[in-house]
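One structure below.
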Amino acid sequence: MTVFSSVDAHIDALVPSWLTLPEVAERLGLEVTRIRPMIKEGQLLAVRRGENRVLMVPADFLGEGKIIKGLSGTLTVLKDDGFSDEEALEWLFTPDPTLPGTPAQALRENRGTEVKRRAQALAV
């Protein structure tokens, strides 16, 4: 079973906005009980935040009623590369001038092939 970890202040500052699991469910038009399995299956990434350690997902991972294209594949590559959830978040939300923008922005702009290629290159 996945152990949800807490996010540190550095990563928290990189991610522009967060959603609780009920908010994610609402945006995706799903029952909230469907969100945790999506996280466990690697379709989404969630970490515990704040005083109450509430499980949250970066808002940038969701598009119009769906998870952004390429996210789950990218998360799989990063996990296979040995990245922790926090390291994956840091990589996805750290600006890369050669992209340009962050890998998360590139995924939102349908530039997932390039993001996945870069994630695969990290393993080398």
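Along the sequence shown, the residues carry numbers beginning at 1.
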For the side chain of [X] and the backbone of [Y], is there at least one donor-acceptor N/O pair under 3.5 Å apart?
| X | Y | answer |
| --- | --- | --- |
| Arg117 | Gly112 | no |
| Asp96 | Thr98 | yes |
| Glu41 | Met38 | no |

Got [X] and [Y] here, is their nearest side-chain heavy-atom distance under 4.5 Å?
| X | Y | result |
| --- | --- | --- |
| Leu19 | Arg27 | yes |
| Leu44 | Ile67 | yes |
| Asp60 | Ile68 | no |

Find the distance between [atom1] ([X]) and [atom2] ([Y]) and round it off to the nearest 0.5 Å.
| X | Y | atom1 | atom2 | value |
| --- | --- | --- | --- | --- |
| Lys79 | Glu87 | NZ | CD | 10.0 Å |
| Leu21 | Arg34 | CG | CZ | 12.5 Å |
| Leu45 | Leu89 | CG | CG | 4.5 Å |
| Trp91 | Thr102 | CH2 | OG1 | 9.5 Å |
| Glu23 | Leu28 | CD | CG | 12.0 Å |
| His10 | Glu90 | NE2 | CD | 3.5 Å |

If you compare all heavy atoms of [X] against all heavy atoms of [Y], which two are closest, and at what distance to 0.1 Å?
| X | Y | value |
| --- | --- | --- |
| Ala46 | Asp85 | O-OD2, 4.2 Å |
| Phe61 | Arg108 | N-NH1, 4.5 Å |
| Ala104 | Phe93 | CB-CE2, 3.7 Å |
| Asp81 | Ala119 | OD2-O, 2.6 Å |

Subject >> Arg118 with Glu114: basic N within carboxylate O range, under 4.0 Å >> reply: yes
Within one Ile-Leu-Val-Met-Phe-Trp-Tyr cluster: [X] and [Y], side-chain cutoff 4.5 Å:
| X | Y | answer |
| --- | --- | --- |
| Leu107 | Leu99 | no |
| Leu75 | Leu14 | yes |
| Ile39 | Val77 | no |
| Val24 | Val32 | yes |

**OP:** Show the numbers, then the answer: is there a side chain to side chain contact (heavy atoms under 4.5 Å, CB included) between Val54 and Arg49?
**Re:** CA-CA 5 Å; Val54 175; Arg49 292 183 64 241; 5.9 Å; no
